[in-house]
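Worksheet: one structure, shown below.
Residue numbers begin at 1 in each chain, while the letters A, B, ... track the order of the sequences. On a predicted model such as this, the values are computed, not experimentally measured, just so you know.
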Amino acid sequence: AQKITQTQPGMFVQEKEAVTLDCTYDTSDPSYGLFWYKQPSSGEMIFLIYQGSYDQQNATEGRYSLNFQKARKSANLVISASQLGDSAMYFCAMREGRGTGANNLFFGTGTRLTVIP
Amino acid sequence: DGGITQSPKYLFRKEGQNVTLSCEQNLNHDAMYWYRQDPGQGLRLIYYSQIVNDFQKGDIAEGYSVSREKKESFPLTVTSAQKNPTAFYLCASSTLGGTSGRGTGELFFGEGSRLTVL
């Protein structure tokens with residue numbers, strides 16, 4: 001079974017509108033971390049936001065927020081007030097365990113977001 | 001500035017040739033990783049290392065080899081045994097445990113190397 005599932009290959013959003021990118025995960029480990037990365041066309045991976053499995057509140061970082069629904073095993077990324085520079089691939093990723101060693105991440109297949117002027 | 005440097009950015013190889021991709025970091029991170037990215041797919045882990053002179057296979061290690069002789073360096077060799085080596089390769093590093101960056105254990109990535117086999 002896939003550990004991370006992103007069901008939206010592509011999404012479009014009007015500039016200044018909000019958009020939600022979906023991510024569901026599968027793990028039996030009670031300790032895990034969820035990450036979102038942005039990959040512009042240049043190729044580098046930019047870390048956006050993190051949610052730990054024991055965090056009580058949804059994570060927020062500027063215009064990014066994570067809608068964490070533990071019972072449903074979903075960790076959707078919400079981008080508010082979209083900008084043209086937000087056009088990129090977005091990847092959801094998970095680390096299983098408490099992360100005492102290396103932080104191996106499992107990645108989803110990504111969602112390509114296009115912001116329309 | 002601290003970061004991860006990958007070279008070369010673009011590389012062409014003939015079938016049957018080995019090629020080595022360089023990855024250097026000056027973040028003083030203990031752990032380093034190599035991921036492969038194919039079009040329409042996410043990143044898949046090739047190898048990772050937690051300490052000098054030690055490394056572990058990831059999900060798709062066949063046809064690849066690595067070394068970790070220095071903390072700062074984690075080169076990846078794509079051997080002729082790798083049946084479909086054309087891909088985008090990303091190197092990353094982190095501290096051990098969930099302390100990288102803002103205490104999340106996030107991975108820091110290089111800009112990638114794009115390998116094309118002719």
Side-chain angles (χ1 to χ4, degrees), chain A residues 2-10 21 23 25 29 31-55 59-62 64 66 75 88-112, chain B residues 3-6 8-10 27 29-51 54-61 68 74 87-115:
Chain A
Q2 293 289 330
K3 288 189 180 289
I4 295 286
T5 302
Q6 295 180 254
T7 57
Q8 306 157 313
L21 306 184
C23 173
Y25 59 92
D29 197 319
S31 298
Y32 53 89
L34 297 158
F35 300 78
W36 277 92
Y37 280 86
K38 172 184 179 181
Q39 186 180 44
S41 56
S42 52
E44 80 268 28
M45 298 285 283
I46 302 167
F47 167 71
L48 296 177
I49 197 167
Y50 168 82
Q51 181 85 40
S53 59
Y54 295 113
D55 293 343
T60 60
E61 288 284 351
Y64 304 108
L66 203 152
M89 281 291 287
Y90 288 81
F91 290 96
C92 180
M94 177 176 65
R95 177 194 66 227
E96 291 180 307
R98 288 189 174 274
T100 54
N103 298 314
N104 299 347
L105 298 186
F106 297 95
F107 285 83
T109 52
T111 296
R112 181 171 298 282
Chain B
I4 299 177
T5 302
Q6 288 187 240
K9 191 161 185 168
Y10 298 95
L27 299 168
H29 285 165
D30 288 299
M32 296 188 74
Y33 315 78
W34 275 105
Y35 283 88
R36 168 179 171 143
Q37 184 178 15
D38 294 284
Q41 299 193 34
L43 280 65
R44 292 182 290 166
L45 183 64
I46 304 172
Y47 269 99
Y48 67 98
S49 167
Q50 301 183 78
I51 194 170
D54 188 46
F55 44 84
Q56 285 76 42
K57 293 181 179 181
D59 299 321
I60 55 166
R68 186 90 186 273
F74 191 42
F88 187 56
Y89 292 89
L90 284 156
C91 179
S93 72
S94 75
T95 58
L96 293 177
T99 57
S100 294
R102 286 158 270 183
T104 65
E106 76 213 52
L107 270 58
F108 290 76
F109 284 86
E111 294 189 341
S113 293
R114 190 169 298 280
L115 172 63

Response to the item:
Nearest heavy-atom contact between A:Phe91 and B:Gln41 is CE2-O, 4.1 Å
Worksheet item: Got a sec: does the CZ of A:Arg112 have more than 12 other heavy atoms crowding it under 6.0 Å?
Response: no
Item to complete: Drop me the distance from A:Phe107's CZ to B:Leu107's CG, to the nearest 0.5 angstrom.
Response: 6.5 Å
Fill in: Flag side-chain contact, heavy atom, 4.5 Å: B:Leu43 against A:Met45
yes
Worksheet, complete the sentence: Applying a strict 4.5 Å limit to non-hydrogen atoms, the region of B:Gln56 in contact with chain A is neither
Item to complete: Could you grab the distance from atom CZ of A:Phe106 to atom CG of B:Asp59, nearest 0.5 Å is fine?
Response: 6.0 Å
Response to the item:
Minimal heavy-atom distance between B:Tyr33 and A:Asn104, with the atoms involved, is CE2-OD1, 3.3 Å
Fill in: Contact class of A:Gln39 relative to chain B, heavy atoms under 4.5 angstrom
side chain
Item to complete: Would you indicate whether B:Glu111, at its atom CD, is surrounded by more than 12 heavy atoms from other residues, nucleotides or ligands within a distance under 6.0 Å?
Response: no
Worksheet item: Does A:Ile46 CD1 have over 12 foreign heavy atoms under 6.0 Å away?
Response: yes
Response to the item:
Turns out that what part of B:Asp30 lies under 4.5 Å from chain A's heavy atoms comes down to neither
Worksheet item: How many angstroms lie between CZ in B:Phe108 and CZ in A:Phe47, if you round to the nearest 0.5 Å?
Response: 8.5 Å
